[in-house]
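Order of listing sets the numbers, starting from 1, for every ligand and every atom in it.
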Amino acid sequence: MKSTVVTFPSGLTSGRSTIAGIVPVGDRHGLVVAETPFHPLDHTWPDQPADRGTIGGLPVVDCVTGAQSNTGEVFLGADIPVRRGAEGWAWLVVHVSEEPLPEGAEADLAVDPAYRAALSAGHTACHLAALALNAALAGRWRKEVRPDSLGRPDFDQAAITSSRIVPGGSVDVYRLGKSLRKKGFSAEDLDPAEVAGQVNERLQAWVAAGAPVRLEVPGPELTARRTWHCALPEGEASIPCGGTHVSRTSELAGVEVSLAYAPEESALTMRTTVHARVR
Ligand SMILES: [Zn+2]
């Protein structure tokens, strides 16, 4: 099989393609097509959940990343033994179905647009919240640290342990342990409510600005290294990203975070909520 061409980066939720192959997924059938609008769960950084929808009229019960080696063997999700996009492998969007479809058949692909829109809103909000958190914590760094695209110490990249996009929001967990302290970050007297207040003030301004959001797409295949861009009033923000997004921050209508700090676990959890979803 060839690497799947994906159309979700340009916002598409429907398409028509040919069944290029079928791989077993437990008792289910993993349908692979030449080109799809479906966003699968990424196997290395599983932040945005798989799209929902139908293929050839059949429900897509899950959508995962597959990788086929040059010997023809297909690995799925966490079993993929090589890094994302490794050369010599075909990178596949695997639509999991209870029923098979015949290889070579044409099939309509339809993504649930409301669920996608809610995930896109959550994902854009997640990136904006990360940048606003970097700004709110910038004064806590005592050593030089890699800056984010807006020139602030990149707390998000230095400390994040997991990021989960949910419909209309996200949950990001950061670790404020010894290794972050060694990099120069001080969590002393950290008041989560105060930091959240600063983050929310900035988010309000960014949403009000109606900043355009776009994805830079260097190639049509699943594992192309795409980059999220947002033209914020204070500069052009960019973050490497494999997911989907709204096209303007004003589509979010409102974004708010809450922060919870558990010092005994050295964990800072940021919950981001989009108040009104995309119409
Ligand atoms: Zn992203």
Side-chain angles (χ1 to χ4, degrees), residues 6-13 36-52 63-65 77 83-85 91 93 111 115-135 146-150 152 154-175 199 202-203 206-207 211-232 235-249 251-252 255-257 268-274 277-278:
V6 293
T7 59
F8 61 80
S10 55
L12 290 190
T13 54
T36 185
F38 274 81
H39 174 271
L41 185 72
D42 191 271
H43 69 295
T44 47
W45 187 244
D47 56 351
Q48 183 171 334
D51 277 327
R52 296 172 180 166
C63 191
V64 299
T65 300
R83 64 174 201 290
R84 186 181 193 272
W91 292 89
V93 176
V111 169
Y115 185 62
R116 160 72 71 75
L119 292 175
S120 296
H123 204 148
T124 302
C126 174
H127 284 339
L128 292 173
L131 292 165
L133 182 63
N134 286 348
R146 219 183 67 160
D148 67 18
S149 51
L150 297 175
R152 303 193 177 97
D154 201 341
F155 171 83
D156 179 72
Q157 272 311 293
I160 197 154
T161 57
S162 77
S163 180
R164 293 287 179 273
I165 311 298
V166 296
S170 65
V171 181
D172 294 274
V173 181
Y174 300 97
R175 192 168 166 75
V199 170
R202 196 171 293 271
L203 286 172
W206 284 350
V207 167
V213 174
R214 67 183 171 88
L215 282 179
E216 193 184 319
V217 181
E221 71 279 7
L222 174 62
T223 54
R225 290 168 186 272
R226 295 179 288 275
T227 309
W228 173 89
H229 287 264
C230 184
L232 292 168
E236 172 92 0
S238 64
I239 294 177
C241 182
T244 67
H245 291 276
V246 301
S247 54
R248 202 167 269 280
T249 58
E251 285 177 39
L252 301 172
V255 180
E256 214 169 343
V257 305
L268 181 71
T269 301
M270 178 164 71
R271 287 174 197 281
T272 304
T273 307
V274 178
R277 289 182 191 171
V278 195

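- L232 has its side chain within reach of L128: a pair of non-hydrogen atoms, C-beta onward, lies under 4.5 Å apart.
- Residues satisfying the side chain to side chain contact (heavy atoms under 4.5 Å, CB included) test with P212, not counting sequence neighbours, are A231, R248.
- Using bins of under 30°, 30° to 60° and over 60° for the plane-to-plane angle, the ring pair H43/W91 lands in the parallel bin.
- For the Zn ion (ligand 1), the neighbouring protein N/O/S atoms at less than 2.8 Å, given as residue and atom, are H123 NE2, H127 NE2, C241 SG.
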Sequence neighbours left out, cut at 3.5 Å: what donor-acceptor pairs do the side chains of residues 159-169 make with other protein atoms?
unit_1 : atom_1 : unit_2 : atom_2 : d
T161   : OG1    : V173   : O      : 3.1
S163   : OG     : D172   : OD1    : 2.6
R164   : NH1    : P46    : O      : 3.3

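- When the side-chain hydrogen bond (donor to acceptor under 3.5 Å, both in side chains) test is applied to N134, the partners found at least two apart in sequence or on another chain are D148, D154.
- Taking 4.5 Å as the limit, every side-chain heavy atom of S120 sits out of range of all side-chain heavy atoms of E251.
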